[in-house]
Amino acid sequence: MPKVKNLLHLAITLFVSCASASAQTTRSEPERQLAHDIYKEFVEIQSGFTTGTTTPVAEAAAARLRAAGFPESDIFLGGANPKKGNLVVRYHGTGALKPILLLAHIDVVEAKREDWSMDPFQLIERDGYFYGRGTGDDKAQAAVWIANLIQYKKEGFKPDRDIIVALTADEEGGGPYNGVAWLLKNHRELIDAEFALNEGGWGESAGGRRISNDLQVSEKYVVNFRLEVHNKGGHSSMPVTDNAIYRLAAALQHLANFGFPLKTNEVTAAYFQQMAKIETGPMKEDLAKAAKGSQESMQRLAAATPAFNATLRTTCVATLLEGGHAMNALPQLAAATVNCRVLPEDSVEYVHSTLQRVIADDQVSVKLLGEPAPGPASAMRPDVLAAVSRVTDALWPGLPVVPIMVMGATDGKALRIAGIPTYGVQGFFFDRDDIRFHGRDERMGIQSFYEGHAFLYDLVKLLSKSAR
Ligand SMILES: [Zn+2]
C-alpha cells in the first residue's frame, strides 16, 4: 500500500511538473494558432530555388503585417527580380540601442513529389511531426519571426532598439538573386543592425532526449568545382580504352576514397568539450580527447556520425554528373560537379590543389566555379551568449548552450563579411542522426516548433532591452 501511495505521489508530481513545464515552454493558444497558420501558408507556397518564386511568401507575410496594423511605410517588398521577392519590416523601438536584425530565408531546396512519401508542399501533421519542404529549413523561423513581431505589436511592447525582420530569397544554391546580398548592396539602411539572428544553430537531440541548444558563431564556406574530361570520341562500335566517362569515374572513385585531414579549431574544440560534458555513452571519452587533439578519437567520431565527420574536416562530394552526347557515340565530354564545405581556416587554393593531387590525372581538369569568399567568425558577444543561456535555462532547465561552427553555409556569412555579426539560434530541436534539411520527408517536431516559437519570443525581447 505505501508503495502504491508513493507511486501515486510520484505520478502526481510528474504530472504537475510536466503541466507547469508545458505552460512555460509554449505560447498561448491564439499565438500558437497564428504561428501555425503563417507556417502552413509559407510551406504551401512553392518557393523552390529554381522552379519556384519567393515573392508570394514575402507578400503573404506583408499581408499578415498589414492586417496586424503595421504601417505601409515600415514594410518593404522588393528584390533582384520580380520572382525573387524579399520582405523587410521594421518594428520601432525607442532608439536607445542600434537595431537587431532577424533573418530567415524563404526559398527552399527543390522537392519532387515522386521522391517523397507525401506531397512536399502540403503541411502535413503526422506522428507528432510537421512534414513539408521548408518545415525545418527555414520556413519555421520565418513564420515565427512574423508571428512574434505581430504579438509584440499587439502587446504594445516597447523595445530599446528597432526590431527588423528580413525574409529573403535564394539562400539555397547561391546565384545572382540572393536576397541578403541584394539588400546589402541596394538597401543597406533597411537591414543595418548591431547584430543579427539567423538559422544555423538549432537544438540537438538524440534518442528523444535534448542534448544542447546550439549557438552558431561561424560556418564552413562553400566551394564548387567542375571536373571535366574531354575526348575526341568516335563510333561506339569501335571502342578504345581511353574513354571520357571511365576516366571521370576513376577520378570520382579516388575522391570517394579520400578524406581531408581531421582537426579542430577554436569553436569546434569548445563544441566537443561541451559535448563531452553532456554525453553519457561510449563517445564521452572520445569527445573530450578530440577537443584536445587526439586523432584516434577524431577518427572514431567521424566514423560515428556524418555530423561529427563534417565538423572535423573539410568535405568534398560529387553532386552532379553529365556526359556523352549520343547512345551510339563514344563520349567527348564527361563532367561532374563537386561540392566542398570548407573549414574557415582552410583556403580555396589548398582545397583545389588537394583535389588535383587526389585525382592525380592531368586529363581530368579541376575548375573552380564562382568566386568563393571565406567568411569570418562572429565575435562571441557576451550579451548574446548570456541571453541565449538565460532563455534556454528558463525553458529547458540545465540544458547547455554550445557554441558551434555549422557545416552548411548560410546567409549569415554575407552579413558577417558586411560587418553585422550574426548568430544562428532557433530553439527548434532536431535529432542529430536524422537531419532532413534538403532531403526527403523533411520534418519538424510539432512540440519543437511551438517551443522554438516561445524561445525566440523571449530571446528577442531580452535582446531588445537595455541590460538593467
Ligand atoms: Zn536554410
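Start at 1 and go down the list; that is how both ligands and their atoms are numbered.
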A.B. asks: Can you tell me which residue among Val43, Thr135, Ile124 is in a side chain to side chain contact (heavy atoms under 4.5 Å, CB included) with Phe130?
C.D. replies: Thr135
A.B. asks: So, is the end of the Lys84 side chain (NZ or CZ) under 6.0 Å from the ring centre of Phe49 and within 45° of the ring's axis?
C.D. replies: yes
A.B. asks: Going by heavy atoms in the side chains, are Phe70 and Leu149 under 4.5 Å from each other?
C.D. replies: yes
A.B. asks: Check whether Tyr221 forms a cation-pi arrangement with Lys413 (NZ or CZ under 6.0 Å from the six-membered ring centre, at most 45° off the ring normal).
C.D. replies: no
A.B. asks: If you leave out waters, which protein N, O or S atoms are less than 2.8 Å from the Zn ion (ligand 1)?
C.D. replies: His105 NE2, Asp137 OD1, Glu199 OE1, Glu199 OE2
A.B. asks: Can the positive tip of Arg27 be found less than 6.0 Å from the middle of the six-membered ring of Tyr457, inside 45° of the ring normal?
C.D. replies: yes
A.B. asks: Any chance NZ of Lys154 has more than 12 other-residue heavy atoms, nucleotides or ligands included, within less than 6.0 Å?
C.D. replies: no
